[in-house]
Amino acid sequence: MMEPIDRRSLLSAGVAGLCAATLGLGASPRRDVGKGKPVVVASANGLQTVAKAMDLILVGADPLDAAIEGVAIVEADPNDQSVGYGGMPNEDGVVELDAAVMHGPTANGGAVAALQNIMHPAAVARLVMQRTDHCLLVGEGALRFAQMHGFPEVNLLTEASRKIWLHWKETLSDQDDRFPPPDDQLDPVVQQFFGIRGTGTIHCSALDTHGNLGCVTTTSGLYFKIPGRVGDSPILGAGLYLDNEVGSAGSTGRGEANLLNCSSLRIVEALRAGKAPQDAALEACRQIARTNLNPKLQDDQGRPNFDVTFYCVRKDGNFGGASLWSGARMAVHDGESARLVDCAALYDRKINES
Ligand code: ASP
């Protein structure tokens, strides 16, 4: 088994350099910069992502390549426990990553799911798109494909994520033979995680100066998921979708709701029908609420007891986001600056809480 590594040893071992080198595999040559206004949007954990992607777009990078480089910052960040290195593991303590990409100019896409040991699954997804005539590789096959193309293997489980997972496992039952430490002796990383536990993932959609689109969604998926569980992120049409003539959309949050509703495809089709990005995203939220019939997934008023957030950019540069519950934000760079903006919401969390 591979030894866990911390960020310092990762860097000194040169693995980070190797990972960075493989990030460029499949990237297109730079081209001239056009006259259109570029826009990059991402989930709220993507402020650095939109800044990086915009920098690249402004020197002629392909919009998908720019988005992949942007999310790679988060994939390599051990402190984002919802994506890539440091992501939360499955119930067996193994990190399994899902990612997908779509490329507007070639109307193509690729994805990997349940991929272990590879820090940059989005870059592998781009190679699936380019070097096979398939759209999705999973598990062992996806790993072998990544190895074949020279992606280095890394133990993605950081010490912090391992401690959090162990605490989850030790506290699952008070009738087995495991003894978790008393609360006041808990490691601070464990205390903090269970205090603010939420969902993560990163989506990024980019519109370049030629009006071309690219998008990516990359995640470690639901925390402590059943091994082999695949969410919406690597499923084209669910966790992301684009049409180069219309716009691009993607999502974070409870993936099953997007799988059941093909939400990202719906948003792009709503744009095609003339809706504004925020309205199209709100429409996808309404669809989820309408079809969420399982009482276990409802609050006492029949509303979804989970959250999903959508991020959308239209071909003309208009952008917007929406979530089921208020409070979500999205990262945006419109060529001027990177900032967080509020998403619209179907339900007001404060009214629910009062
Ligand atoms: N959508 C991701 C999944 O279901 C999780 C998330 O965004 O938090 O795998």
Side-chain angles (χ1 to χ4, degrees), residues 41-46 49 67 71 74-75 77 79-91 94-102 111-116 121-122 125 136 138-139 142 156 161 164-165 168 193-194 196-205 215-241 249-267 281 284-285 287-288 291-292 294 296-297 304-312 321-325 327-331 343:
V41 301
S43 37
N45 51 350
T49 297
V71 298
V74 182
E75 287 178 328
D77 181 356
N79 296 318
D80 189 316
Q81 291 172 317
S82 66
V83 180
Y85 179 60
M88 270 309 138
N90 64 21
E91 67 181 21
V94 178
V95 181
E96 290 191 331
L97 304 179
D98 296 342
V101 301
M102 288 196 77
V112 289
L115 175 63
Q116 299 179 7
L136 174 61
V138 306
L156 299 172
S161 294
I164 292 162
W165 165 76
W168 170 80
F193 178 83
F194 286 100
I196 55 157
R197 180 179 170 177
T199 54
T201 302
I202 184 158
H203 170 77
C204 178
S205 280
C215 68
V216 51
T217 304
T218 175
T219 189
S220 48
L222 290 187
Y223 304 155
F224 320 129
K225 59 195 175 186
I226 297 171
R229 178 264 184 188
V230 172
D232 61 323
S233 307
I235 304 301
L236 310 180
L240 77 173
Y241 195 72
S251 182
T252 58
R254 191 184 144 73
E256 283 70 11
N258 288 333
L259 287 167
L260 289 167
N261 289 287
C262 297
S263 304
S264 295
L265 171 68
R266 269 176 196 278
I267 293 175
C285 294
Q287 170 69 14
I288 288 175
T291 57
N292 183 51
N294 183 346
K296 288 194 180 129
L297 296 173
N305 61 11
F306 54 85
D307 209 357
V308 175
T309 307
F310 296 107
Y311 317 92
C312 177
S323 59
L324 289 173
W325 290 96
R329 301 210 283 172
M330 64 193 282
C343 294

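For this chain, numbers begin at 1 and follow the sequence in order. Just so you know, these numbers use all the heavy atoms, side chains as well, and skip hydrogens, waters and symmetry mates. Every number for a ligand or one of its atoms is a count from 1 in the order of the listing.
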Item to check | Heavy-atom gap Lys225 to ligand 1 smaller than 4.0 Å | outcome: no
What do you reckon, does [X] have a nitrogen or oxygen under 3.5 Å from a nitrogen or oxygen of ligand 1?
X      : result
Arg229 : yes
Thr201 : yes
Gly221 : no

Checklist outcome for this item: Here the atoms of ligand 1 under 4.0 Å from any heavy atom belonging to Thr252 are 7 (O)
Checklist entry - In ligand 1, which numbered atoms sit nearer than 4.0 Å to a non-hydrogen atom of Asp232? => result 1 (N), 2 (C), 3 (C), 4 (O)
Item to check | Results of side chain to side chain contact (heavy atoms under 4.5 Å, CB included) for Ala257 - residues two or more places apart only | outcome: Ile288, Phe306, Val308
Checklist entry - Quick one: side chain to side chain contact (heavy atoms under 4.5 Å, CB included) partners of Ser43, sequence neighbours excluded? => result Asn45, Ile202, Thr252, Tyr311
Checklist entry - Between Val101, Val41, Leu240, which is the residue that forms a side chain to side chain contact (heavy atoms under 4.5 Å, CB included) with Cys215? => result Leu240
Item to check | Salt-bridge contact Glu91-Arg229 (side-chain N to carboxylate O under 4.0 Å) | outcome: no
Next on the checklist: Just by distance, no angles: are the side chains of Asn258 and Ser264 close enough, under 3.5 Å, to form a donor-acceptor pair?
Outcome noted: no
Next on the checklist: Is it true that His203 and Ser205 share a donor-acceptor pair across their side chains at a distance under 3.5 Å?
Outcome noted: yes
Checklist entry - Looking only at non-hydrogen atoms, which of Gly231, Ser233, Gly253 approaches atom 1 (N) of ligand 1 most closely? => result Gly253
